[in-house]
Protein chains: 2
Amino acid sequence: MSKCEQCIARQLNSLNAMTTEEIRNVSACKTTRFYKKGDVIFGEGESLHGVYCVRSGVCKLTKLSANGKEHTVKLMGTGELLGQRSVISDERTNLSAVALNDIELCFVPKDQIVNPLHENQSFSFDVMKQLAKDLRSAEDDLINMAQKSVKQRMAETLIHIEKVFGVGESGALNVILSREDYASIVGTATESAIRILSQFKKENLISTSGKQITIEDLEGLKRVE
Amino acid sequence: MSKCEQCIARQLNSLNAMTTEEIRNVSACKTTRFYKKGDVIFGEGESLHGVYCVRSGVCKLTKLSANGKEHTVKLMGTGELLGQRSVISDERTNLSAVALNDIELCFVPKDQIVNPLHENQSFSFDVMKQLAKDLRSAEDDLINMAQKSVKQRMAETLIHIEKVFGVGESGALNVILSREDYASIVGTATESAIRILSQFKKENLISTSGKQITIEDLEGLKRVE
DNA sequence: CGGAAATCATGACATAAATCATATTAAATC
DNA sequence: GATTTAATATGATTTATGTCATGATTTCCG
């Protein structure tokens, strides 16, 4: 099994602030797990026994709302940690995690994270900064949700996905999502998501080929109202 | 000047996890400040030189959106810390803080917070937990915003305010907000907020007398759709 | 105290977006 | 490869909510 010490994914997150010894322990304890598209990594309300570090692939964090609809809170890619928050606050998860494509995760037992949090100042400060950053971005999302139109949110979602997950050789977004997934991120009905993407296509802001979406006019998307 | 050691407000937040010595230092450095209703405690994009601990009164954290509207992210009452996040992540504030009534804050210089964060594990772990909790609640808010009706959000806002800030002798909510403030929390137009509160009144879910609002039928409010 | 300004209240209307309905196309399964 | 199932597409209609307009109150302040 590969070691955390050399893992690129690890270098992208707070685990990078661990001491050599701590990382060695993590590496010795961790188990690598594979999930297929659609697999549930963990469900809402579960108590986790550790955190998952995304080695490759992308997954979504979702929450079921009272009216039975699923809302996607965040997409998580290489280097991101799933379940960190639940482990820190020692609560059950408030979100579930679902694989969006085939994905490889390393599961790190709780103790390997919590103990260093209590002992290693630089690690715990790093985690804290990450939480602060996440909180800020959650607040920004909240305000976008409250004050921007569905069209704007869709445009921003496309821009965000391109920025964070990049494009393939053809120029199409690397992350492939169904229209339903887009609706769930944007917070709208699936039909509306489809309609808006069709409209963007007509206006030559994007081009599509099945689920592949390519941003053709970034500035235009930014101008959407 | 009063001392932090005995302050009730302090006991409600992470500062309670500080050592006796740390608290003594904080107490020695802190300055107490008074603000009147409407005063801006800090603005969006400022760099803070410390955090503010709410001793008495209530303030709102708001953010200006692209379209020029103000959105209220959170109300902060006794014991809560303002600016904690900006100080931790060493970034400019993303929100501004405005007093909703006459308010007394203790300003604690940055170093008094950041140094203990690097040295006192139990304090930093407490702060971390708080951030994790805030993050969770921001995510919940996001989903409410995405999937609930304006009426539901208004009902929940009233319930939340009653729960967190309580009621006075008459039974009316302790926190007095304008209809515009309600609109800014709920994420709607001021007219809509007014209309919905009028409707709640007609349906005997609440009673009002000027800005005083009393919840008359909690269960009914919970059932609003 | 009295006038100005802000806040609250409501009606009329416009509009974004949800919902319902029904094809069409693509993907999965036998 | 045929058949079922799921995803995409688009039209028609409804509904919630925003916007504009106008008065009535309340609050503020000289």
Side-chain angles (χ1 to χ4, degrees), chain A residues 36-39 65-72 98 100-102 144-157 172 176-203 206-213 224-225, chain B residues 36-39 65-72 98 100-102 144-158 172-173 176-203 206-213 224-225:
Chain A
K36 284 198 191 129
K37 182 180 168 176
D39 283 354
S65 73
N67 61 43
K69 276 195 193 169
E70 214 174 52
H71 187 89
T72 298
V98 178
L100 283 173
N101 45 38
D102 291 359
N144 283 338
M145 193 62 74
Q147 310 206 322
K148 295 192 176 171
S149 69
V150 174
K151 252 188 249 176
Q152 270 179 297
R153 269 141 54 201
M154 179 64 82
E156 286 176 10
T157 298
I176 304 295
L177 299 173
S178 69
R179 305 296 194 257
E180 196 181 358
D181 282 324
Y182 277 107
S184 153
I185 295 171
V186 167
T188 188
T190 306
E191 297 94 318
S192 297
I194 291 172
R195 234 182 278 273
I196 287 170
L197 288 173
S198 299
Q199 197 194 329
F200 284 178
K201 199 174 166 179
K202 267 186 205 142
E203 294 169 353
I206 62 171
S207 63
T208 68
S209 149
K211 291 193 173 161
Q212 301 254 345
I213 295 180
V224 166
E225 286 194 345
Chain B
K36 284 198 190 133
K37 181 177 169 178
D39 283 355
S65 74
N67 62 44
K69 276 195 194 167
E70 213 173 53
H71 187 89
T72 299
V98 178
L100 283 172
N101 45 38
D102 292 358
N144 283 339
M145 194 59 76
Q147 310 207 320
K148 294 193 176 169
S149 69
V150 174
K151 252 188 249 176
Q152 270 179 297
R153 270 143 49 203
M154 179 64 82
E156 287 176 10
T157 298
L158 293 170
L173 300 181
I176 304 295
L177 299 173
S178 68
R179 305 297 194 253
E180 194 181 1
D181 282 325
Y182 277 107
S184 152
I185 295 171
V186 168
T188 188
T190 305
E191 296 95 320
S192 296
I194 291 171
R195 234 182 279 271
I196 287 171
L197 288 173
S198 298
Q199 196 194 330
F200 284 178
K201 198 174 169 182
K202 268 186 204 145
E203 294 168 354
I206 63 172
S207 63
T208 68
S209 150
K211 291 194 174 159
Q212 300 253 348
I213 295 180
V224 165
E225 286 195 344

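By convention in this document, chain letters (A, B, ...) are assigned in the order of the sequence lines, proteins followed by strands, and residues within each chain are numbered from 1.
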Restricting to nitrogen or oxygen on both sides, can you table the protein-nucleotides 16-26 of chain C pairs closer than 3.5 Å?
from   : atom 1 : to       : atom 2 : distance (Å)
C/dA17 : OP1    : A/Val150 : N      : 2.8
C/dA18 : OP1    : A/Thr188 : OG1    : 3.1
C/dA18 : OP2    : A/Thr188 : OG1    : 2.6
C/dA18 : OP2    : A/Ser192 : OG     : 2.5
C/dT19 : O4     : A/Arg195 : NH2    : 3.1

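Judged as a side chain to side chain contact (heavy atoms under 4.5 Å, CB included), and not counting sequence neighbours, the contacts of A/Ser198 are A/Ile194. The side-chain hydrogen bond (donor to acceptor under 3.5 Å, both in side chains) check on B/Ser184 picks up B/Thr72, with sequence neighbours excluded. Annotation: side chain to side chain contact (heavy atoms under 4.5 Å, CB included) contacts of A/Lys36 (sequence neighbours excluded): A/Asp39, A/Asp102. For A/Gln212, there are no side-chain hydrogen bond (donor to acceptor under 3.5 Å, both in side chains) partners, not counting sequence neighbours. Applying the side-chain hydrogen bond (donor to acceptor under 3.5 Å, both in side chains) criterion to B/Gln147, with sequence neighbours excluded, gives A/Ser65. Shown here are the side chain to side chain contact (heavy atoms under 4.5 Å, CB included) partners of A/Val150, two or more places apart in sequence or in another chain: A/Arg153, A/Val186, A/Thr188, A/Ile196. Every residue two or more places apart in sequence or in another chain that forms a side-chain hydrogen bond (donor to acceptor under 3.5 Å, both in side chains) with A/Glu156 is listed here: A/Lys148.
Between the P atom of C/dG11 and the CD atom of B/Gln199 lies a distance of 12 Å, rounded to the nearest Å. Rounding to whole angstrom units, CG of residue B/Leu197 and C1' of C/dC8 are separated by 11 Å.
Atom OG1 of residue B/Thr208 and atom CG of residue B/Leu197 lie 8.0 Å apart, to the nearest 0.5 angstrom.
Taken over five-pair windows at either terminus, the axes of the helix from C/dC1-D/dG30 to C/dC30-D/dG1 are inclined to one another by 50° (rounded to 10 degrees).
Inter-residue side-chain proximity for A/Met145 and A/His71 is flagged as met; some heavy-atom pair is nearer than 4.5 Å. Residues A/Ile213 and A/Phe200 form no side-chain contact, since every pair of their non-hydrogen atoms from C-beta on lies 4.5 Å or further apart.
Taking 4.0 Å as the cutoff to heavy atoms of chain A, we find the contact window on DNA chain D bounded by D/dA7 to D/dA12.
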